[in-house]
Amino acid sequence: MKKTKLGEFEELVLLTVAVLQENAYGVEIKRELEDRLNQKLSVGSIQSALKRMEQKGFLTSMFGEATKKRGGKRKRIYTTTAYAHRVLSEIKDIRENLWNSMPQLVHDLKFI
Amino acid sequence: MNQDSNIKLPKWPLKFLRFFVKKEYLEEIEGDMEELFLENIQQFSHKRARRIYTWEILKLFRFPIIKNIEINYSLNHYSMYKSYLKTSFRGLKKNMLFSSINIVGLAISMSVGILMILLLSELNSFDDFHIEKDNIYKVTTSRVQGMSGNEVHLSSSSFYIGNQLKESVPGIEKVLLMNVNELSADLRTAKKAIGINGFYASASFFDVFSFKLLQGNPQSALTNPNSIILTKSSAKKLFGDTNPIGQTIRVEENADFQEGIITGVVEDPPVNSHMRFDVLVSLNTLEKPVINEENNPNNTSNGLVYVVLNGHTTKEEIENAMATIMNDYNKSLEHPITHLLQPLNTFVTSDVYNNGMGPMFSQRKINIMLGLTLIILLSACFNYTNLSLARALRRSKEVGVRKVLGANRFQVFAQFMVEALLLALLALVVGLGLFFIIRPEFLNLPNPAAIGYDMFSLEINYINLLYFLLFAIGIGLLAGFQPALFLSKFKALNAFHDARKTKVFTKGINLRHVLTVFQFTTSMGLIICAVLVHKQYKFSLNYDLGYQTENIINIPIQGGYVDLLENEYAKIPEVVETSKSSWVLGAGGNGMSIGMVMAKENPKPAPFLLNIVDDNYLNMHELAFLAGSGFLKPLGEGQSPNHIIVNEEALKTLNINSPEEAIGKTIIYNGAPLQIQGVVKDFIRIALTKDIFKSFAFVQTNQVEQYKSLNVKIASNNITATLKKLEEEYKKLDLLHPFEAHFYDDQIASVYEQEKTTYTLISFLAFLAISISTLGLLGMAVYTMESRRKEISIRKVLGAGMRNLTVLLSREFIVVIFLSGLIAIPITLYIVDTKVLNEFNSYRIEIGFIDSLSGVAIMIIVGALTIGWQIRTAFVKNPSDTLRNE
């Protein structure tokens with residue numbers, strides 16, 4: 001695995017984008033993530049993560065439709081790139097491997 | 001209907017967001033923020049939602065989101081500005097009416113501005129040819145003088161202080177002593193004679209002042225007594241092309257010296273010199289007793305002391321040194337004498353000093369003129385602003401197209417600024433033309449403070465041209481800024497589909513109303529001012545002086561031939577009678593003198609204004625006697641005067657209760673006892689504006705040189721022929737001085753020249769102000785009619801008559817007039833009362849109701865004509881023409 005430089009928060013945002021699919025724009029990402037993490041997030045943190053990842057090539061974006069709710073401004077829909085999927089699954093594999101190689105002992109202890 | 005129309009996003013955070021977010025992200029993030037805001041507003045209070053919004057925006061200020069600092073690398077500015085220039089020209093051409101209203105208005109105000117620039121730069125250049133200009137100071141005197149107990153400021157000082165400065169004060173490079181009284185005499189060679197004015201000056205004259213000595217030695221030319229330096233032009237007059245140096249010359253009509261030697265020729269003093277002279281005479285020519293008397297520290301009214309400081313000594317140091325010098329002497333005085341230094345650059349503009357020398361143009365006058373010019377300029381700028389704002393609606397499409405084609409706000413702004421600048425430069429050209437029309441008029445205005453000198457030439461040089469250019473650019477920027485700012489704010493989208501909703505002028509009070517009211521107020525104020533000053537001028541001319549002036553001609557006399565002339569005149573049949581006096585009542589003159597007079601019982605001297613007259617003077621001028629009579633017979637050779645005639649006011653000074661009681665009383669004047677021969681009713685002594693020296697006395701003399709005026713009463717049907725006869729006789733006796741005959745009434749009128757000048761200037765400015773505000777009004781009327789064309793047509797079709805339309809369209813105008821009147825009348829009346837008419841003491845006019853309303857009336861007439869014309873144009877137009885095409 002190359003150095004991907006994907007931070008923990010970035011990874012979460014990236015996954016959320018992947019989950020939301022064609023609905024992945026700023027506010028919706030924020031909402032989804034807030035629900036899942038059960039904590040408040042600022043627009044700034046989401047946006048800067050998005051912008052950074054777009055620069056790194058994990059995301060691409062295009063303008064979506066404008067709605068009345070947004071004062072006539074268009075959404076920017078983010079899409080994950082193939083590269084992002086590869087990196088995400090790499091990370092996931094690494095984690096799984098790690099999990100799998102964890103001594104059984106710990107699991108067992110939990111069931112005591 | 002929908003919530004978002006009445007829920008406002010916080011304005012400033014949004015502005016901040018727009019400011020820092022990268023352009024390509026802005027739409028998305030702004031949209032996100034708005035969506036969140038709307039969501040929050042349903043959940044929380046409005047206030048809290050706004051707070052969250054603001055906080056979120058602050059948190060958005062992160063590195064990946066904020067803008068890079070943009071540097072515009074486009075090199076092709078030139079073609080951009082060329083395009084601005086081209087489109088501006090087209091814009092101006094397309095709206096000929098508006099352009100010409102603006103150009104004419106700006107040009108009018110600029111012509112005054114140009115005048116002011118020249119005036120200021122010429123005033124500023126006064127005395128700037130002296131090499132030591134920054135170090136030259138004049139020693140002035142402040143002291144309490146006379147009975148009044150008021151402190152007077154004199155531009156003269158004692159020779160004592162001058163000599164002390166030279167000897168004992170370090171830091172002073174040079175000291176120049178001069179005599180404050182001008183030498184006025186006739187110079188005569190074997191062949192020619194001329195009348196001259198000049199000064200007595202000490203040898204250091206050319207060390208202090210940089211007048212150019214063409215011939216002679218600057219170090220020694222004024223060293224010896226009886227040395228005379230001629231100016232180039234007077235040398236030319238006297239000697240032609242022969243060398244004047246070393247020639248002896250006779251000095252006539254002058255008590256101090258009779259003969260002099262020419263030791264130098266100096267270039268004529270330039271127009272911008274505070275000191276003008278035909279000759280300079282060495283100071284030690286003055287008789288020894290005079291000079292010795294000048295060494296008395298108390299004699300502060302005869303000496304002029306100029307000093308040159310070495311660059312690092314300050315004015316204050318010298319002033320302190322002078323205070324120390326005077327310290328001992330001041331102890332012996334009731335009121336101390338203070339000497340101060342006056343720097344060279346205020347010689348012309350200061351009006352503090354009583355016996356100033358040379359032309360004067362007071363700082364106060366400059367400030368008033370500057371203020372009025374500024375008002376006129378602002379007025380014209382407001383026209384531009386008003387009309388541009390009014391037209392903004394029509395130009396919104398233009399702005400829209402520009403923005404759609406990619407112009408940013410700054411570029412649109414620049415476009416409109418270029419247009420305003422172009423207009424201002426065009427106005428400058430027209431203004432220069434107007435300036436050349438008003439220039440001779442201005443130069444011809446009498447300026448009594450300049451005491452007969454030409455102070456201004458108002459010539460244009462290259463530097464001034466540069467100033468004009470800067471001035472026009474300044475005006476352009478000032479006038480164009482607000483409209484450019486406003487127009488460049490239009491959104492491209494709104495400009496097309498929502499143009500009507502763009503709010504140009506909100507209801508109620510807005511900028512445009514304020515500006516219009518300002519214009520009208522100044523116009524009205526100036527009109528009222530002009531009317532009142534004119535009224536006062538007329539009032540002064542027709543004021544009952546207390547003596548007869550009709551058919552009397554006053555002839556200035558220089559020399560001892562007055563009796564001979566009088567005898568000759570007596571032979572002319574048209575001459576009814578003649579009298580002689582030292583000066584002309586109600587007009588003043590060189591012969592005015594002040595003498596100390598006291599009652600015999602109460603020897604406390606009081607200053608009396610004196611006129612030396614012959615025995616026929618009072619009868620001929622029909623002064624009204626309260627008691628006693630005029631002088632009965634002429635004072636014979638060798639006799640000393642023993643009678644005096646005083647005015648009513650003098651009795652109070654002398655502590656005499658009634659005129660009858662006064663007759664025969666003895667008073668002391670000039671060390672000799674005099675009997676009061678008669679008491680005359682109070683009359684106007686010098687002028688309505690000069691109510692000083694209320695005590696007055698007529699005295700007799702047998703020294704014929706003291707008569708400076710021959711008063712001739714004539715009865716003639718052919719004045720010209722009579723004057724010719726008078727002149728013929730005069731020329732036989734006086735070969736040197738040209739014959740001058742003044743009709744008494746003209747002479748009195750000349751006293752009030754200053755008022756006439758003020759009146760002329762204010763009327764002129766009032767006229768300009770009216771023109772400018774009328775142009776503005778016309779522009780606004782045209783605009784209103786055009787933008788309401790359809791409305792008017794429909795109203796007409798529905799049966800509205802002329803009257804309805806007039807009411808509809810002139811309502812605003814009436815409000816403006818009313819408001820302006822409310823502001824203008826009290827302010828103007830106050831200013832005129834306290835600042836203009838106050839110099840007429842108690843002889844001032846009543847300010848009438850009609851005078852106060854004059855300004856309003858004139859503005860109503862002018863305004864009604866302008867608007868009426870536009871209403872008529874709108875009314876006679878066939879409604880179908882306007883309604884047919886959409």
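Only a predicted model underlies this, so the values are computations on that prediction, with no experimental measurement involved. Per chain, numbering begins at 1; letters A, B, ... match sequence-line order.
Within the 4.5 angstrom heavy-atom criterion, no atom of Ile29(A) approaches chain B. With a 4.5 angstrom heavy-atom cutoff, Ser45(A) touches chain B via backbone and side-chain atoms both.
More than 12 heavy atoms of other residues, nucleotides or ligands sit less than 6.0 Å from atom NZ of Lys22(B). Counting non-hydrogen atoms of other residues, nucleotides and ligands closer than 6.0 Å to CZ of Phe89(B) gives a total of 12 or fewer. Dense packing is recorded around CZ of Arg409(B), with more than 12 heavy atoms of other residues, nucleotides or ligands lying under 6.0 Å away.
Taking chain A as the reference chain and counting heavy-atom pairs below 4.5 Å, the highest number among Glu56(B), Lys59(B), Glu30(B), Glu27(B) is found for Glu27(B). Ranking Arg76(A), Arg70(A), Lys73(A) against chain B, the residue ahead of the rest is Arg70(A), based on heavy-atom pairs under 4.5 Å. Chain B forms more heavy-atom pairs under 4.5 Å with one residue of Arg31(A), Lys51(A), Gln55(A), Lys75(A) than with any other, namely Lys51(A).
A donor-acceptor contact under 3.5 angstrom links the side chains of Gln47(A) and Asp32(B), judged on distance only.
With hydrogens and angles ignored, the 3.5 Å screen pairs a side-chain donor or acceptor of Lys403(B) with a backbone N or O of Ser488(B).
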